[in-house]
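Notes for the one structure printed next.
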Amino acid sequence: MNSCAINNELELKKIMLDIGIRLWTRGYVAANDGNMSVRISDGEILITPAGVSKGFMSQDMIIKINMDGEVISPNNGYSPSSEVKMHLEVYKQRDDVKAVIHAHPPYSTSFAVAGIPIDSLVLPESIMTLGTVPIAPYGTPSTSEIPDSIIPFIQNSDAVLLANHGALTLGIDLTTAYNRMETLEHTAHIISLAIGLGNVNKIPKEQVDKLMKIRDQMNIPGKIDLSSIK
Ligand SMILES: [Zn+2]
């Protein structure tokens with residue numbers, strides 16, 4: 001490996017630690033929950049370790065694996081996240097995705113528990129970034145049930161709720177995937193508060209069309225699905 005690749009890897013590990021702190025500080029992950037990964041080449045992925053708080057990681061905990069989930073460079077007895085199969089499935093399904101983040105943000109997760117997809121378009125930034133957010137059926141963590149359940153939903157969406165579990169966001173890089181998690185949680189939070197106030201006004205379809213034109217002009221990367229608008 002050349003020095004440029006090593007520097008890039010170190011830089012990505014630093015970003016992973018920083019995003020771990022943000023996830024934990026904002027209450028998006030409890031205890032040792034949550035995980036994230038970044039694709040560093042066609043066959044190599046950096047992923048967070050199992051059994052560690054994502055707010056208190058160090059660089060030596062980050063693990064490099066191949067596309068079969070095998071550890072390339074073992075370190076200090078840490079093993080990859082138990083949700084490694086979910087991350088690998090995303091990379092197999094989406095060539096354009098370079099980073100995956102999974103967390104349990106309370107408002108998003110409450111929609112996933114209530115079985116209510118975020119299919120009401122109420123906030124401009126959220127519409128342009130996420131579109132509608134579907135719910136993948138429940139699957140047992142760490143098994144192939146979750147990777148199998150997300151396949152149809154990640155084809156057209158970079159943000160998916162996992163029934164009775166949490167949320168998954170994708171991006172062309174770690175920061176983009178993280179920002180989608182923040183936007184998703186912010187949106188779920190606002191909709192929850194509006195429901196509490198007794199009314200949710202939706203942005204009309206013709207206004208949504210205008211936002212989609214702006215999105216195209218801005219060349220925002222990623223996929224959004226508006227087919228299930230309510
Ligand atoms: Zn989880």
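In what follows, residues are counted from 1 in the order of the sequence shown. Indexing begins at 1, ligand by ligand and atom by atom, following the structure's order. The basis for the numbers below is simple: all heavy atoms, side chains too, and nothing from hydrogens, waters or symmetry mates.
Judged by distance alone, the side chains of Ser126 and Thr187 do bring a donor and an acceptor atom under 3.5 Å apart.
For the Zn ion (ligand 1), the set of protein N/O/S atoms nearer than 2.8 Å consists of His102 NE2, His104 NE2, His165 NE2, ordered by chain and number.
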Just list the side-chain donor-acceptor pairs under 3.5 Å for residues 189-201, sequence neighbours left out, or say none.
| residue | atom | partner | partner atom | Å |
| --- | --- | --- | --- | --- |
| His189 | NE2 | Tyr107 | OH | 3.4 |
| Ser192 | OG | Ala188 | O | 3.0 |
| Asn199 | ND2 | Asn201 | OD1 | 3.2 |

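Between Lys98 and Asp173 no salt bridge is recorded (no basic side-chain N to carboxylate O distance below 4.0 Å).
Checking Val113, Ile146, Ile135 one by one against His165, the side chain to side chain contact (heavy atoms under 4.5 Å, CB included) holds for a single residue, Ile146.
Within the structure, every pair that satisfies the side chain to side chain donor-acceptor pair (under 3.5 Å) test and touches residues 25-36, not counting sequence neighbours, is listed here: Arg26-Tyr28, Asp33-His104, Asn35-Ser81, Asn35-His87.
Shown here are the salt bridge (charged side-chain N to carboxylate O under 4.0 Å, His left out) partners of Asp209, two or more places apart in sequence or in another chain: Lys205.
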